[in-house]
**Student:** 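My questions all concern the structure below.
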Amino acid sequence: MAPQFHGEYKVHGGKLVVADFDVTGSVLTDVSISGDFFLEPDEALTAINDALNGRDAAAPAAALAAAIDAALPVGVVLFGFSSQAVAIAVRRGLALATSWSDHQWDVVGPMVLPTEVNVALDEVLTEEVGAGRRNPTLRFWDWQEPSVVIGSFQSLRNEIDPVGVDEFGIKVVRRISGGGAMFMEAGNCITYSLYLPQSLVDGLSFADSYPFLDSWVMAALESLGIKAFYVPLNDIATEQGKIGGAAQKRLANGAMVHHVTMSYDIDADKMVKVLRIGKEKLSDKGTTSAKKRVDPLRRQTGLARADIVARMMATFTARYGARRTELTENELTQARARVGSKFGTEQWLARVP
């Protein structure tokens, strides 16, 4: 008889790993790992299978990967895959980890909202996905007021220059995810948030989850003639320079938000008057000037911002079978209430003074 459980995982930029197995009682049995990867010597495949047989079926991916690593003889070469990839394939077979195709995806197009509401929506929609009241969703932001959105753990006084903020009438808000400050004027960048169950990144390290969740946008940019890549941990760049950055926040309800801002037409002179960007921030970026750190998408594509957003939405929709939806009145009401109780308060903004 064929094994009862079957899981597959395609390594980002690598090979396909397939796990077929049974579960007897509460442990893995009759494990058979296969795929189009490369492995030397051949006998190491038996070691991988043996390492998984008898393991607790509820074991986390990290524990399964550690068991494989411990069982592999010295000198074994895994090419195109890893012990982590095998563990993810097993977890997917058990429906403890999921793939993109396991979910119905929604796409919410740009809607002009106050920046505080956009930030609050990140929390509200992540909670809604975790509660099962909303499908996993890609949402593009839009706004009018010039703003700076600082990361959850950034110091307000160390990141923001109050003179520049007052001069240009900048609205400063704090988001729930970590990472760095975002300088946002109407039309000067492309910002989106992805709300998803953490099962989609089950078994992936934090570092690996970033390019995994943005593989679709890399494909969209490539279709526009831009070869983009990740600079660990969370910078998105091209050969011409940095074009954006990502941030994440994982909630206890099992959902998470993955947030990305890409520069389209940044006013670098204004940005450096509003943000305090010190030498240490630039020390590993290969540049001494903050003005050179952000290379706008407009210059690299020659396209209108709306056209780039449309290509991104079309790519995501085609790749994952997503459908267009809108924010509900209840979600907007919750977000506005959250502004009053949290995101619009001085207590939240100055949580790290």
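Throughout, numbering of the chain's residues begins at 1 and tracks the sequence. As the structure is a computational prediction, the values presented were derived from the model and not from experiment.
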**Student:** Ignoring hydrogens and geometry beyond distance, is a side-chain donor-acceptor pair present between Ser177 and Arg175 at under 3.5 Å?
**Tutor:**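 Note: Ser177 and Arg175 side chains meet the donor-acceptor criterion.
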**Student:** Return each pair, listed once, that meets salt bridge (Lys or Arg N to Asp or Glu O under 4.0 Å) where at least one residue sits in residues 77-105; pairs must be two or more places apart or across chains.
**Tutor:** Arg91-Asp202
**Student:** Please verify the inter-ring angle class for Phe343 with Trp348; under 30° counts as parallel, over 60° as perpendicular, anything in between as tilted.
**Tutor:**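 Phe343 vs Trp348 ring planes: perpendicular.
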**Student:** Excluding sequence neighbours, so at least two apart, what forms side chain to side chain donor-acceptor pair (under 3.5 Å) with Asp69?
**Tutor:** Ser83
**Student:** What residues join Val352 in its hydrophobic cluster, counting side-chain heavy atom gaps under 4.5 Å, either direct or through other members?
**Tutor:**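 Listed partners: none, Val352 stands alone.
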**Student:** Does Glu326 have more than 12 heavy atoms from other residues, nucleotides or ligands lying within 6.0 Å of its CD?
**Tutor:**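 Not buried by this count: 12 neighbours or fewer within 6.0 Å.
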**Student:** Among residues at least two apart in sequence or on other chains, which ones pass side chain to side chain donor-acceptor pair (under 3.5 Å) with Ser205?
**Tutor:** Asp208
**Student:** Return the CG to CG distance between Asn118 and Asp142, rounded to the nearest 0.5 Å.
**Tutor:**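 Rounded to the nearest 0.5 Å, the CG-CG separation comes to 8.0 Å.
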**Student:** With a 6.0 Å cut-off (strictly less than), is the heavy-atom count around CZ of Arg298, excluding the residue itself, greater than 12?
**Tutor:**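 Result for CZ/Arg298: open.
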**Student:** Under 3.5 Å, which donor-acceptor pairs do the side chains of residues 27-35 form with other protein atoms, sequence neighbours left out?
**Tutor:**
residue: Thr29; atom: OG1; partner: Asp22; partner atom: O; Å: 3.3
residue: Thr29; atom: OG1; partner: Thr24; partner atom: OG1; Å: 3.0

**Student:** Restricting to ring-ring contact (aromatic ring centres under 6.0 Å, His included), what partner residues turn up for Tyr195, sequence neighbours left out?
**Tutor:** none
**Student:** Would you call Glu331 and Arg139 a salt bridge, taking side-chain N to carboxylate O under 4.0 Å as the test?
**Tutor:** no
**Student:** Are more than 12 heavy atoms from other residues, nucleotides or ligands located less than 6.0 Å from atom CD of Glu167?
**Tutor:**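 Above 12, so yes.
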**Student:** State the CZ-CG distance between Arg133 and Asn330, to the nearest 0.5 angstrom.
**Tutor:** 8.0 Å
**Student:** Please name all residues satisfying side chain to side chain donor-acceptor pair (under 3.5 Å) with Asn158, sequence neighbours left out, ordered by chain then number.
**Tutor:** Ser155
**Student:** Give me the atom names and distance for the closest heavy-atom approach of Thr98 to Leu200.
**Tutor:**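 Heavy-atom minimum between the residues: OG1-N, 3.3 Å.
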**Student:** Report the distance from atom CG of Leu327 to atom CG of Asp106, rounding to the nearest 0.5 Å.
**Tutor:** 10.5 Å
**Student:** Any salt bridge (Lys or Arg N to Asp or Glu O under 4.0 Å) involving residues 111-120? Give me the pairs, sequence neighbours left out, ordered by first then second residue.
**Tutor:**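 Every salt bridge (Lys or Arg N to Asp or Glu O under 4.0 Å) pair that includes a residue of residues 111-120, provided the two are not neighbours, is Glu116-Lys171.
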**Student:** Ignoring hydrogens and angles, write down the donor-acceptor pairs under 3.5 Å from the side chains of residues 71-80, residues two or more places apart or on other chains.
**Tutor:**
none

**Student:** Quick one: salt bridge (Lys or Arg N to Asp or Glu O under 4.0 Å) partners of Asp214, sequence neighbours excluded?
**Tutor:**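 Applying salt bridge (Lys or Arg N to Asp or Glu O under 4.0 Å) to Asp214 gives none.
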**Student:** For residues Leu332 and Leu113, determine if any side-chain heavy atom of one lies less than 4.5 Å from a side-chain heavy atom of the other.
**Tutor:** yes
**Student:** Over 60° means perpendicular and under 30° means parallel, so tell me whether Trp105 and Tyr320 are parallel, tilted or perpendicular.
**Tutor:** tilted
**Student:** If the condition is side chain to side chain donor-acceptor pair (under 3.5 Å), which residues does Glu145 pass it with, not counting sequence neighbours?
**Tutor:** Thr115
**Student:** Minimum heavy-atom separation for Lys273 and Asp161, please, with both atom names.
**Tutor:**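 Result for this residue pair: O-CB, 3.4 Å.
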**Student:** Sequence neighbours left out, cut at 3.5 Å: what donor-acceptor pairs do the side chains of residues 178-191 make with other protein atoms?
**Tutor:**
residue: Glu185; atom: OE2; partner: Lys270; partner atom: NZ; Å: 2.7
residue: Asn188; atom: OD1; partner: Glu185; partner atom: N; Å: 3.0
residue: Thr191; atom: OG1; partner: Thr261; partner atom: OG1; Å: 3.1

